[in-house]
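Please read the structure below before turning to the comments.
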Amino acid sequence: MIVMKFGGTSVESAEAIERVSKIVTSRIKQSPLVVVSAMAKVTDQLVAMGNTAATGDCTEALSSVEALRERHTQTSKALLGEKRAAALAPKLHAHFVDLENFVRGLAAVRELTPRGSDYLLSFGELLSSLIVADAFAVRGLNAAWVDSRECLVTDTTHTRAVPQLADTREKSKKKIGPLLAKKRIPVMGGFIAASPDGIPTTLGRGGSDYSAAVMGAALDAQKIEIWTDVEGMMTTDPRLCPDARTINQISFNEAAELAYFGAKVLHPLTLLPAIHKNIPVYVLNSRNLKSTGTEITAQAPPSRDVFRAITAKKGVSIVNVVASRGVGVHGFLRSVFEAMDRHSASVDLVAISEVSMSFTIETKRLAQALVEDLEQIADVNVDNDQAVICLVGEDIHGKPGIAASVFNTVADSQVNIRMISQGASEINISFVVKEDDVPRVVRHLHDHFFSANSRAAAKSAKKKNGARANGSGVKRGSNGKSLVKRAIAAVV
Ligand code: ASP
Ligand code: MG
C-alpha cells in the first residue's frame, strides 16, 4: 500500500478535489490510503473564530461558522450534485451544530484551552475528509471515510501531540487493514488524532504531512506521497529567488535539515517515521498530474551543485547570556541548560565561549519566564527580527574552502553575520542575519552556488582535482555511494 497526502491548497475547491480524484485514480493499483488537510485557510479561520469567541464576541464567531458552512456546502454540491450532496448534508450539519455549540460555550467561559483548541481545529479535517471521500465515491472510486481519531493515537500534549506508533499501528491495522484488503480506498483527515482515552488531539500546525508519515510507518507503506502546490522541494524559496529549481533527489538527512530550518513544504517531523521504517517520501505537485517532484530516500546520488539547497528561517531571536562575575564556567553552562530544560526551550544554533553563550530560538517559542530565569544567573539580552540561513548538502563534509566561499559571498552582499555554526551533522552551514537582509543574502548565495556557471566551475574543479574535489577526499564508487560508506556498510 501507499499513502497519498493532499494539503490544504490541493483540496481548496471543487476543482482542486476533482484533480485529486484523478491523481488517486492513477494510483489505484498501488492501494492508496488518502490523507487530507482541511480546505485551504480553514484552520486559520477556526483559530481566529476561537480567539473571537474567547473574547466573548459570540455573534462574530457564529458568523464565521456560517461562512464555513456555506463554503463546505457549496463545495459538496459542486462535487456531488444535489442528490448526493443532500445525502451528505446531515453529516456535515451535525458537525456544524457541534461547532456552534462549542463556540457558544467558549464565548460563555471566555477561555480557549489547548484541549479546547484541538477539538475546535479538528472540524477542518473532519469536514474536508468527509467531502473528499464522497467526491471519490461519485467518481467511481471505492472510497471509505475513516475517522482519524480512531486510528492515530497520540499522547495528551494538546496542540503538539506526539504520535504513539505501537498503538497507532494496532488500531490502524484493525481499522484500515480490512478496508485495503477489500480494495477500498480509505480517506481520512490528517493533523487530527486522539489520546488513548479518545480525547481529540492535533499534531501541531502543518501536521497533516506528519500524520501521513505516521500512517505510512504504521501500515508499512511502500511509499509516502505528499501532494502540495509546488513542484517538490526547491533549491531555495522561489519567492526569495525566482531562479530556484526543483530538487529531484535528496537524502532523508538533508530533507529533514531543510524542513527543520524553514523549508515550508514539509512539516519538520514528517521524515522521522519514514526514516525509522526506511520508506521513500515523494513531494509532488497536485496541479500537475505527471509531477515527478522530489524523491527523498535514505541515500541520494551526489548533487550536481556544491549544496543541495538554501533555506531561511525567519522570526528568530538571538539570546545572549553572559555569566555574572564570579560564576564558574562549569556551573554557568549547567545552569543555562537546566533553565532551557525547565522551559522546554528548543534552540536552533548555539555558540559558547568561556563565560557567555548565545543561542537562537523561534521568537514565538521564547518564553518570558525563560529569560527571567536566565537573568537570575547572567546578563541577558535578546535581539528579535533575526533569521537563520542554512545551506545544506551531504557532500560538503570535509571539503576545503566551502565555508570561506559561503562567507565571502555573504560579505559581497554587504550583510553583517551575527552568529555562525557548522552543524555537528556536518551537512549544513548555518548563520544568522537580520531578517531584512534575508532576500539579498539568499539571492546572492543562490546565484553563487546554483547558477549554471557555478556548476560548470564545480565540474572543472572536480576534473582537475580528481577524487579530492569530490568531497572529503573520499573516492566515490560508480553507484555514487562513497567507498568509505560502503566499507562501513560491509563491516556492519
Ligand atoms: N490543517 C492544518 C493546518 O493548517 C494541518 C495541515 O494542513 O497540515 O495547520
Ligand atoms: Mg503543509
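Just follow the structure's listing: the first ligand is 1, and inside any ligand the first atom is 1.
Taking the charged nitrogens against the carboxylate oxygens, Arg440 and Asp437 do have a contact shorter than 4.0 Å, which makes a salt bridge.
The cationic group of Lys5 does not satisfy the cation-pi geometry with Tyr210, failing either the under 6.0 Å distance to the six-membered ring centre or the 45° limit from the ring axis.
Looking at Asp209 next to ligand 1, no N or O pair under 3.5 Å apart turns up. Here's the thing with Phe191: none of its N/O atoms is less than 3.5 angstrom from an N/O atom of ligand 1. Remark: ligand 1 and Lys5 share no N or O pair separated by less than 3.5 Å (distance only, no angle test).
When Lys171, Lys175, Lys174 are each tested for a salt bridge (Lys or Arg N to Asp or Glu O under 4.0 Å) with Glu150, only one passes: Lys175.
The main-chain N or O of Ile23 is never found under 3.5 Å from a side-chain atom of Arg27 such that the two would form a donor-acceptor pair. Under a 3.5 Å cut-off, the side chain of Glu225 and the backbone N or O of Leu284 do not form any donor-acceptor pair. In this structure a side-chain-to-backbone donor-acceptor pair under 3.5 Å is present from Lys277 to Ala217. For Arg245 (side chain) and Phe450 (main-chain N/O), a donor-acceptor pair under 3.5 Å exists by modelled atom type.
Atom numbering of ligand 1 starts at 1 in the shown order; those under 4.0 Å from a heavy atom of Ser37 are 6 (C), 7 (O), 8 (O). Atom numbering of ligand 1 starts at 1 in the shown order; those under 4.0 Å from a heavy atom of Thr43 are 1 (N), 2 (C), 3 (C), 4 (O).
For the residues Glu125, His267, Arg205, the heavy atom positioned nearest atom 1 (N) of ligand 1 is part of Glu125.
Nearest to atom 6 (C) of ligand 1 among the protein's heavy atoms is Ser208 OG, 3.3 Å.
Judged by the shortest distance from any of its heavy atoms, Gly207 lies inside the 4.0 Å radius around the atoms of ligand 1. At least one heavy atom of Gly206 sits under 4.0 Å from some atom of ligand 1.
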